[in-house]
Enquirer: 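Provided herewith is a single structure, encoded as structure tokens, for subsequent inquiry.
Only heavy atoms go into these numbers, but all of them, side chains included; no hydrogens, no water, no symmetry mates.
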Amino acid sequence: MQRTVFFISDSTGITAETIGNSILAQFEGVQFDKHRLPFTDNAHKAEAAALRIKTKYAQSGQRPIVVNTMADRALCDIVATSGALMLDVFAPFIGPLEDELGAKRSGAVNRSHGMVDFDKYEARINATNYALSHDDGIDVNYAEADLILVGVSRSGKTPTCLYMALHYGVSAANYPLTDEDLEKLELPARLRPYRDRLFGLTIDPQRLAQIREQRRAGSRYATLQQCRWELEQADRLMRQASIPSLNTTHVSIEEIASKIFDRFGIERTMF
């Protein structure tokens, strides 16, 4: 079975897509043809969206699904003329909040992901610059790091650092364990003063070999034997140095970040 899903928003569509995908993931037997329609913030764009959805309905013969985060009720009504199943993400919350706060929602568009707090936005940008300059041991000024990820090459350190910086303003550095580090089985000297900020990432050897093969096909670096040796040595080093770690093979970046924050007691909101 395949169904068409539209994520529609008057802003970036990130909220609609994130929540929508979380819901759709519960239906494993269904394939979804997904489309994101961001910045649907006026009647003309809403009418165009409705036409596109209606056309898809006619072509497939199956009712499309719309995951909607548009704040303006009038725009929602226009899109609803398409005949799609309308899932309004805000609907279950707006009414109770209006009653609790004694105020009506504004209906203003483009509010979900705007730069409401410039200080927080600047912190995220600074953290991102920090993560980039401290990627793969390029820079060794770890004193300003909130945390430092360690692990073998291609175990997920860089994308995790960037995710935490971009979304939460966390200054995260990463250090790739080299063959020399792994042979010595000693915590590198540059990391020792920051032992309490270290967190290890590991991965299954088969998956690591696949990732490395895409990067350097046919190299010793990508062989299963090399991957197994590095991971085994890294595991020994982390246990010896009492570094907490997480296997990233079947874990999303979002979950990795959440587990790391929980370990370090970091409480940050996304926006």
Enquirer: Are Y175 and Y142 near enough that their ring centres are under 6.0 Å apart?
Expert: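 Centroid separation for Y175 and Y142: 6.0 Å or greater.
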Enquirer: Are F264 and Y163 linked, directly or through other ILVMFWY residues, by side chains that come within less than 4.5 angstrom of each other?
Expert: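 Yes, one cluster joins them.
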Enquirer: N42: what forms a side chain to side chain contact (heavy atoms under 4.5 Å, CB included) with it, not counting sequence neighbours?
Expert: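 By the side chain to side chain contact (heavy atoms under 4.5 Å, CB included) rule, N42 matches H44, K45.
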Enquirer: For residues 85-99, please give each side-chain donor-acceptor pair under 3.5 Å, one per line with the distance, not counting sequence neighbours.
Expert:
{"residue": "D88", "atom": "OD1", "partner": "F90", "partner atom": "N", "Å": "3.0"}
{"residue": "D88", "atom": "OD1", "partner": "A91", "partner atom": "N", "Å": "3.4"}
{"residue": "D88", "atom": "OD2", "partner": "R73", "partner atom": "NH1", "Å": "3.0"}
{"residue": "E98", "atom": "OE2", "partner": "R105", "partner atom": "N", "Å": "3.1"}

Enquirer: What are the two closest heavy atoms between C161 and N174, and how far apart are they?
Expert: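 Reported closest heavy-atom pair: SG-CB, 3.8 Å.
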Enquirer: Looking at every heavy atom in both A49 and I8, which two are closest together, and how far apart are they?
Expert: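 A49 and I8 have their closest heavy atoms at CB-CD1, 4.4 Å.
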Enquirer: Using the side chain to side chain contact (heavy atoms under 4.5 Å, CB included) criterion, which residues pair with A46? Sequence neighbours excluded.
Expert: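 Scan of A46 (side chain to side chain contact (heavy atoms under 4.5 Å, CB included), adjacent residues dropped) gives T40, L75, I78, V79.
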Enquirer: With a 4.5 Å heavy-atom cut-off, do K34 and N21 have their side chains touching?
Expert: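 In contact.
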Enquirer: Quick test of your reading: applying salt bridge (charged side-chain N to carboxylate O under 4.0 Å, His left out), list the pairs with at least one residue in residues 160-187, sequence neighbours left out, ordered by first then second residue.
Expert: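 Residue pairs passing salt bridge (charged side-chain N to carboxylate O under 4.0 Å, His left out), neighbours aside: E180-K184, E186-R192.
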Enquirer: Could you work out, with side chain to side chain contact (heavy atoms under 4.5 Å, CB included) as the rule, every residue matching P244, not counting sequence neighbours?
Expert: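 If we apply the side chain to side chain contact (heavy atoms under 4.5 Å, CB included) test to P244, skipping adjacent residues, the hits are F199, R263.
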Enquirer: Is there a donor-acceptor contact under 3.5 Å from the side chain of T202 to the main chain of L231?
Expert: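 Pair absent, no side-chain N/O of T202 close to backbone of L231.
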Enquirer: May I ask you to decide if the ring planes of Y130 and H134 are parallel, tilted or perpendicular, using 30° and 60° as cut-offs?
Expert: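 Ring orientation, 0 to 90° scale: parallel.
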Enquirer: Assess the side chains of R236 and Q233: does a donor N or O sit below 3.5 Å from an acceptor N or O?
Expert: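 Judged by distance alone, the side chains do pair up.
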Enquirer: Over all heavy atoms of both residues, which pair between S155 and T248 is shortest? Give the atoms and the distance, please.
Expert: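 S155 and T248 have their closest heavy atoms at O-OG1, 3.2 Å.
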Enquirer: Answer yes or no: is there a side-chain heavy-atom contact under 4.5 Å between V150 and L187?
Expert: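 No. Closest side-chain heavy atoms not under 4.5 Å.
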Enquirer: Any ring-ring contact (aromatic ring centres under 6.0 Å, His included) pairs touching residues 200-250, not counting sequence neighbours?
Expert: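 The answer is none; no pair qualifies.
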Enquirer: Applying salt bridge (Lys or Arg N to Asp or Glu O under 4.0 Å), can you list everything that pairs with K54, at least two apart in sequence or on another chain?
Expert: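 Expected list: none.
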Enquirer: side-chain hydrogen bond (donor to acceptor under 3.5 Å, both in side chains) with K259: which residues, sequence neighbours excluded?
Expert: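 For K259 there are no side-chain hydrogen bond (donor to acceptor under 3.5 Å, both in side chains) partners, ignoring immediate neighbours.
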Enquirer: Could you note down all residue pairs passing salt bridge (charged side-chain N to carboxylate O under 4.0 Å, His left out) where residues 200-213 supplies at least one of them, sequence neighbours left out?
Expert: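 Sorted pair list: R212-E230.
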Enquirer: Could you pull out all residues at least two apart from R197 that satisfy salt bridge (Lys or Arg N to Asp or Glu O under 4.0 Å)?
Expert: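 Expected list: none.
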Enquirer: Listed by chain and number, what are the side chain to side chain contact (heavy atoms under 4.5 Å, CB included) partners of A84, not counting sequence neighbours?
Expert: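 Checked A84 against side chain to side chain contact (heavy atoms under 4.5 Å, CB included); matches are I53, P64, V66, S82.
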Enquirer: Tell me the salt bridge (charged side-chain N to carboxylate O under 4.0 Å, His left out) pairs involving residues 161-170, sequence neighbours left out?
Expert: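 Not a single pair qualifies under salt bridge (charged side-chain N to carboxylate O under 4.0 Å, His left out).
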